[in-house]
Each structure stands twice: as structure tokens, then as C-alpha cells.
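FYI, side chains are in, hydrogens and waters are out, and symmetry mates aren't considered; it's all heavy atoms of this structure.
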Amino acid sequence: QVHLVESGGGSVQPGGSLTLSCAISGYTYGNRFLSWFRQVPGKEREGVAGIYGRTHSTRYDDAVNGRFRVSLDKSRNILWLQMDSLKPEDTARYYCAADATGRTAGGEWYLPDRFENWGQGTQVTVSS
């Protein structure tokens, strides 16, 4: 059974940085994505960044490209999201997700319904 646990959220001023981590257990890496999503109340969950398990190829939403960096440490089973130059609009609850059945093999790293496994989320607040 896949288990995901996020940590590292908190409050930061605009322009600051945070690093989120997602501890992964029970998962087999392969031709599919692990992704970070975020959600604010009243809005749909949106894909932020994804990483392909076999090649570590990365994808980013345009809103965070150049500011966020996703990485995967398979030896420690940790998915990372380094967030720099944070903006107030980055405020959200952040979730990690893992595709265990290959439904993201075509590149759908940003579609929540392609992921069966989710963490409980960690809150990120960017405010002065």
C-alpha cells in the first residue's frame, strides 16, 4: 500500500523560500509521474510540478516555472519541492501524489484524477 506524508509547509514573506518534502513508502517507481498539486478553498486542485519516475524528467505549471524545482531521491524515497521567490498567490495547501497504475504515462502529470495516491497536504502561506 502506497503511503505519502508531506512536511515542510509554513508561513513565509513574499520573496522567501520553502522546501516541501514528501516521504514515500510502498511505491514502485516506473513509467509514470509523481506530482505536486495545490489547492485553495473553493478552487480546484491544480498541478504545480511533476517528475517522471524512470527518467526524472520534470514538468512545471507556467505559474511556477523558474521559481519551483521538483526532485526525487529514490535512495531515501523522498519527493522534494523547492520553492523560491514565493508570491502571495502561491498560498495554498500543497499535496504530493503518486501514480501507481500508469495513467500519467502519456504526460498527464497535472490531472488530479490520474492519481490514486495522495498525502494529507501541508499548508503554505505567503504573506507580509
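- The heavy-atom pair separating Ala97 from Leu4 by the smallest distance is CA-CD1, 3.9 Å.
- At a threshold of 4.5 Å between side-chain heavy atoms, the hydrophobic network of Ile, Leu, Val, Met, Phe, Trp and Tyr places Leu20 and Tyr95 in two separate groups.
- Considering every non-hydrogen atom in both Ala105 and Asn31, the closest pair reads CB-O, 3.5 Å.
- With hydrogens and angles disregarded, a donor-acceptor distance shorter than 3.5 Å links the side chain of Arg32 to the backbone of Asp99.
- Using a 4.0 Å cut-off between charged nitrogen and carboxylate oxygen, Glu108 and Arg103 do not count as a salt-bridge pair.
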- Task: Evaluate the side chain to side chain contact (heavy atoms under 4.5 Å, CB included) criterion for residues Asp90 and Arg67: first the C-alpha distance (whole Å), next the side-chain angles of each, then the deciding distance (0.1 Å), finally the verdict.
- Result: CA-CA 11 Å; Asp90 294 319; Arg67 299 189 297 121; 2.8 Å; yes

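- For the 3.5 Å distance criterion, the side chains of Gln13 and Ser128 fail to qualify, holding no donor opposite an acceptor.
- Trp80 is listed as a side-chain neighbour of Thr19, based on a closest heavy-atom distance under 4.5 Å.
- In this structure, Glu6 has no salt bridge (Lys or Arg N to Asp or Glu O under 4.0 Å) partners at least two apart in sequence or on a different chain.
- Between the side chains of Thr91 and Thr125, not a single donor N or O lies within less than 3.5 Å of an accepting N or O.
- Looking at Glu46 and Arg38, their side chains come closer than 4.5 Å, going by heavy atoms from C-beta outward.
- Note: the hydrophobic cluster containing Trp36 also contains Met83 (ILVMFWY, side chain heavy atoms under 4.5 Å, direct or indirect links).
- Contact detail for Arg114 and Glu116: the closest heavy-atom pair is O-OE2, 4.0 Å.
- A 6.0 Å sphere centred on CD of Gln120 holds more than 12 heavy atoms belonging to other residues, nucleotides or ligands.
- Remark: Arg69 engages no residue in a salt bridge (Lys or Arg N to Asp or Glu O under 4.0 Å) (not counting sequence neighbours).
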- Could you go through the side chain to side chain contact (heavy atoms under 4.5 Å, CB included) check for Leu18 and Val126 one step at a time? CA-CA 10 Å; Leu18 279 174; Val126 184; over 6 Å; no

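- The one candidate from Tyr94, Tyr110, Trp118 that meets the ring-ring contact (aromatic ring centres under 6.0 Å, His included) condition with Phe37 is Trp118.
- Scored by the salt bridge (Lys or Arg N to Asp or Glu O under 4.0 Å) test, Asp61 finds no partners at all (sequence neighbours excluded).
- By the ring pair (Phe, Tyr, Trp, His ring centres under 6.0 Å) test, Tyr27 pairs with Tyr29, sequence neighbours left out.
- Of the inter-residue distances, the one linking Ser57 atom OG with Ile51 atom CD1 reads 8.0 Å to the nearest 0.5 angstrom.
- Residues Phe115 and Leu79 fall into different hydrophobic clusters, defined by Ile, Leu, Val, Met, Phe, Trp and Tyr side chains chained together at heavy-atom separations under 4.5 Å.
- Hydrophobic clustering (side-chain heavy atoms under 4.5 Å, transitive across Ile, Leu, Val, Met, Phe, Trp, Tyr) keeps Leu111 apart from Tyr60.
- For the pair Arg93 (side chain) and Gly121 (backbone), a donor-acceptor distance under 3.5 Å is present.
- Hydrophobic clustering keeps Ile78 apart from Phe68 (ILVMFWY residues linked when any side-chain heavy atoms are closer than 4.5 Å, directly or through intermediates).
- In the displayed structure, Gln1 atom CD is contacted under 6.0 Å by at most 12 heavy atoms of other residues, nucleotides or ligands.
- Separation of atoms CG (Leu72) and NE2 (His56) is listed at 4.5 Å; rounding is to 0.5 Å.
- One distance of note links CG of Leu34 with OG1 of Thr104; it measures 8.0 Å at 0.5 Å rounding.
- For Ser35, there are no side chain to side chain donor-acceptor pair (under 3.5 Å) partners two or more places apart in sequence or in a different chain.
- Nearest heavy atoms, Gly26 versus Val2: O-CG2, 3.4 Å.
- Side-chain contact between Ser11 and Ser127: absent, with no pair of heavy atoms (C-beta onward) separated by less than 4.5 Å.
- Side chain of Asp84 to main chain of Ser17: no donor-acceptor pair is present (N/O by atom type, distance under 3.5 Å, no hydrogens or angles).
- Applying the disulfide (SG to SG under 2.5 Å) rule to pairs touching residues 42-105 yields Cys22-Cys96, sequence neighbours excluded.
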